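Accompanying notes for the structure given below.
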Amino acid sequence: MVTVEQIIAYCERTLAARFLANDQEGLRRLQLALGVLIEAAQEAGDQETGMRLRVLAAHAANRREGLQDED
């Protein structure tokens with residue numbers, strides 16, 4: 001079974017890889033996926049995981065915005 005820690009680690013690696021590849025669409029998809037996971041954490045009453053996922057989603061949005069500014 002996949003743990004929350006493994007999911008978060010995967011998202012962190014994916015965020016870094018997509019940013020380094022200048023992949024705006026990949027960052028957008030990651031941000032959307034994190035949104036779904038945030039909703040799941042909220043529904044389960046897991047505020048800590050929800051906050052960690054929100055931070056990752058914000059990082060994805062900021063990185064994506066940074067890439068858009070470069071264009």
Side-chain angles (χ1 to χ4, degrees):
M1 183 179 296
V2 177
T3 67
V4 170
E5 294 302 322
Q6 290 171 319
I7 292 169
I8 288 174
Y10 171 80
C11 289
E12 290 171 340
R13 288 191 309 273
T14 300
L15 192 155
R18 299 293 184 258
F19 178 69
L20 291 174
N22 293 322
D23 183 0
Q24 291 182 33
E25 179 60 21
L27 288 169
R28 185 187 72 80
R29 288 192 320 259
L30 177 61
Q31 189 178 356
L32 291 173
L34 285 164
V36 171
L37 294 172
I38 290 165
E39 290 174 359
Q42 287 176 331
E43 187 175 305
D46 187 345
Q47 299 302 319
E48 181 183 341
T49 299
M51 183 55 66
R52 290 176 71 190
L53 294 168
R54 276 188 196 85
V55 169
L56 273 174
H59 284 300
N62 290 340
R63 298 293 190 272
R64 193 167 136 228
E65 216 173 84
L67 291 177
Q68 288 173 345
D69 290 344
E70 291 177 8
D71 289 342

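Fair warning: this is a prediction, and the values are worked out from it, not measured in the lab. Just the heavy atoms: all of them, side chains too, but no hydrogens, waters or symmetry mates, feed the values below. Counting from 1, the numbers follow the sequence of the chain as shown.
No more than 12 heavy-atom neighbours from other residues, nucleotides or ligands sit within 6.0 angstrom of CD on E48.
Using a 4.5 Å cut-off on side-chain heavy atoms (C-beta onward), I8 and E12 make contact.
Across all their heavy atoms, A41 and L53 have their closest contact at CB-CD1, 4.4 Å. When all heavy atoms are compared, the tightest approach of G50 to I38 is O-CG1, 4.2 Å.
For the salt bridge (Lys or Arg N to Asp or Glu O under 4.0 Å) test, residues two or more places apart in sequence or in another chain that qualify with R18 are D23. With sequence neighbours left out, R28 forms a salt bridge (Lys or Arg N to Asp or Glu O under 4.0 Å) with E25. Remark: I7 engages V2, C11, L37 in a side chain to side chain contact (heavy atoms under 4.5 Å, CB included) (not counting sequence neighbours). Remark: V36 pairs with no residue by the side chain to side chain contact (heavy atoms under 4.5 Å, CB included) rule, at least two apart or across chains. Qualifying side chain to side chain donor-acceptor pair (under 3.5 Å) partners for R64, counting only residues two or more places apart in sequence or in other chains: Q31.
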Exercise for the section: Determine, stepwise, if the pair Q6 / M1 fulfils side chain to side chain contact (heavy atoms under 4.5 Å, CB included). Expected result: CA-CA 10 Å; Q6 290 171 319; M1 183 179 296; over 6 Å; no
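Residue L30 is grouped with residue V4 when hydrophobic side chains (ILVMFWY) are merged at heavy-atom distances under 4.5 angstrom, including chains of intermediate members.
For residues 34-46, every residue pair satisfying the side chain to side chain donor-acceptor pair (under 3.5 Å) rule, not counting sequence neighbours, is listed here: D46-T49.
Separating the CG atom in L15 from the CG atom in L20 is a distance of 9.5 Å, to the nearest 0.5 Å.
Each of L67, T14, N62 was scored for a side chain to side chain contact (heavy atoms under 4.5 Å, CB included) with F19, with one residue passing: L67.
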